[in-house]
Amino acid sequence: MPAVHTCFKLLCILLFSLLPLNTYALQDGIKTEIKCVVIDAGHGGHDPGTISPDGRIREKNIALAVALKFGRALKKRYPSIKVIYTRSNDHFVKLYERSDIANRNKADLFISLHVNSSRSASARGTETWVMGPNKNERNFELCKTENSVITMENDYKAKYEGFDPDSPESYIIFSLLQNTHLKNSLDFAERVQRKFSTGPITVNRGVKQGGLIVLWRSTMPAVLVELGFLSNYRDRKILTSTKGQNEIAAKLLAAFSEYKGSYEKEYDDSTGGMQKVRPAKNTSEKKQYYSIQVFAASKKVKPSNYGLNENDTEIFMSGPYYKYVTGKYDTPQEANRALKKIRIKFKDAFIVKIYGNPLTLHPYKKQ
Ligand SMILES: [Zn+2]
């Protein structure tokens, strides 16, 4: 019914405004180096995931085997990176605990590993998912399947704010979320798919977006990888062989190495000790004004990657930090009105006063 639909949308918007958005990484200063990776083997324990047509092979076992092989290879190549598994043996881990583990450890990347299945035995190939709205029925089906795990948790209604994996309306909330880390998640996902397409499973089904609970709560770039189809004979042969699993793990590592290189290069663009690094483009120069500090980072980042308008954002160097401020206001009252809007997305944003020659950023107390 349309009326119910509208009410639901309003409820979602309300919920959305109350939800803590993924800004902790920003408040801590954006990290410029990859130091910790969480590898999440899907399912486990009494949740087998998808099962092969003959009933003998379970998704949970393949996910775990590849997770451990990938983790070991990662550790060997990058001994200083902390590798954390959400499970390293066959036990059940709730979906929210998986992302909690990553959040608690302030991980820089979350990789969830799964195996696909289809009613059609000919469906095969790999796909990598990032958080986003379900664009079509097929996307909805996969998200429903992967999310349905929560119904195995006794407390899921309270833990997931009434989320019902079977109800398309429940997914509206995801389309409203602007994931701070979407760009990096997409970048890593693209690299995974490109590496995968060189084998052992060469069919590349692409990067997809959907409302996946396990990614929803992660406060870092996060992907869910479907390593192949258990329902397909050729994929299954590769997925269950030690050689196939090693090759898949090696491709994940290759994608990670590329991503790490590009991520750390982007953030290694230091401009030295300038007081004011980059002026806003579209405003006239003022001698004194109020602005809103949105976050600070230890190296220079692209404001648009974090949902800020490039034209309205200025960056000030202060001690070891680049401070990102947005807007120019003549009075604290004007700044305060803008602050209220900005705090919907960046809850720790605050007003600063900018003056001096050269223009310097100062704290502003009354707020
Ligand atoms: Zn799964």
Side-chain angles (χ1 to χ4, degrees), residues 38-53 55-71 85-102 110-120 123-132 134 138-153 156 160 163-166 170-171 174 185 189 192-193 196 201 203 205-218 222-232 235-236 238-240 244-245 248-249 252:
V38 168
I39 303 174
D40 174 48
H43 312 275
H46 64 268
D47 167 23
T50 190
I51 300 172
S52 64
R56 286 177 25 208
I57 302 153
R58 283 141 197 258
E59 174 182 357
K60 64 172 184 176
N61 297 327
I62 295 171
L64 181 61
V66 175
L68 295 175
K69 285 180 161 68
F70 171 45
Y85 303 98
T86 54
R87 66 181 182 96
S88 53
N89 52 39
D90 185 20
H91 74 273
F92 184 71
V93 184
K94 294 172 182 177
L95 278 193
Y96 68 86
E97 278 177 12
R98 295 170 190 260
S99 46
D100 277 2
I101 290 170
F110 178 85
I111 305 165
S112 187
L113 300 177
H114 289 255
V115 179
N116 225 327
S117 94
S118 170
R119 278 184 287 274
S120 152
R124 62 175 307 222
T126 63
E127 49 195 41
T128 301
W129 290 73
V130 303
M131 194 62 204
N134 298 315
R138 158 86 187 118
N139 286 18
F140 176 61
E141 281 306 313
L142 182 127
C143 294
K144 204 167 86 174
T145 309
E146 296 293 7
N147 290 337
S148 65
V149 178
I150 64 170
T151 57
M152 294 185 184
E153 303 169 16
Y156 84 93
Y160 301 99
F163 185 88
D164 174 2
D166 287 331
S170 265
Y171 289 84
F174 292 132
S185 303
V192 169
Q193 283 307 121
F196 275 175
I201 296 174
V203 178
R205 299 169 63 95
V207 172
K208 305 194 169 185
Q209 282 188 275
L212 289 154
I213 292 177
V214 73
L215 304 181
W216 175 28
R217 286 163 181 259
S218 315
V223 301
L224 183 147
V225 187
E226 295 283 353
L227 301 167
F229 280 75
L230 208 46
S231 46
N232 175 271
D235 277 12
R236 189 164 64 241
I238 295 165
L239 289 166
T240 51
Q245 291 173 357
I248 292 168
L252 286 169

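All heavy atoms count here, side chains included; hydrogens, waters and symmetry mates do not. Here the structure is a predicted model, which means the values were calculated and not measured. Whatever order the structure lists them in is the order used to number ligands and atoms, beginning at 1.
Using modelled atom types, one side-chain atom of Arg87 and one backbone atom of Gly42 make a donor-acceptor pair closer than 3.5 Å. The backbone N or O of Val115 sits less than 3.5 Å from a side-chain atom of Glu59, completing a donor-acceptor pair. With hydrogens and angles ignored, the 3.5 Å screen pairs no side-chain donor or acceptor of Asn116 with any backbone N or O of Leu142.
With respect to Glu153 and Lys94, no salt bridge is recorded, no charged nitrogen being found less than 4.0 Å from a carboxylate O.
Glu97 and Thr86 are not linked by any side-chain donor-acceptor pair at a separation below 3.5 angstrom, with hydrogens and angles left out of the test.
Take a cut-off of 2.8 Å around the Zn ion (ligand 1): the protein N, O or S atoms inside it are His43 NE2, Glu59 OE2, His114 ND1, Glu146 OE1, Glu146 OE2.
Nearest heavy atom pair, residue Gly210 against residue Cys143, reads CA-SG, 3.7 Å.
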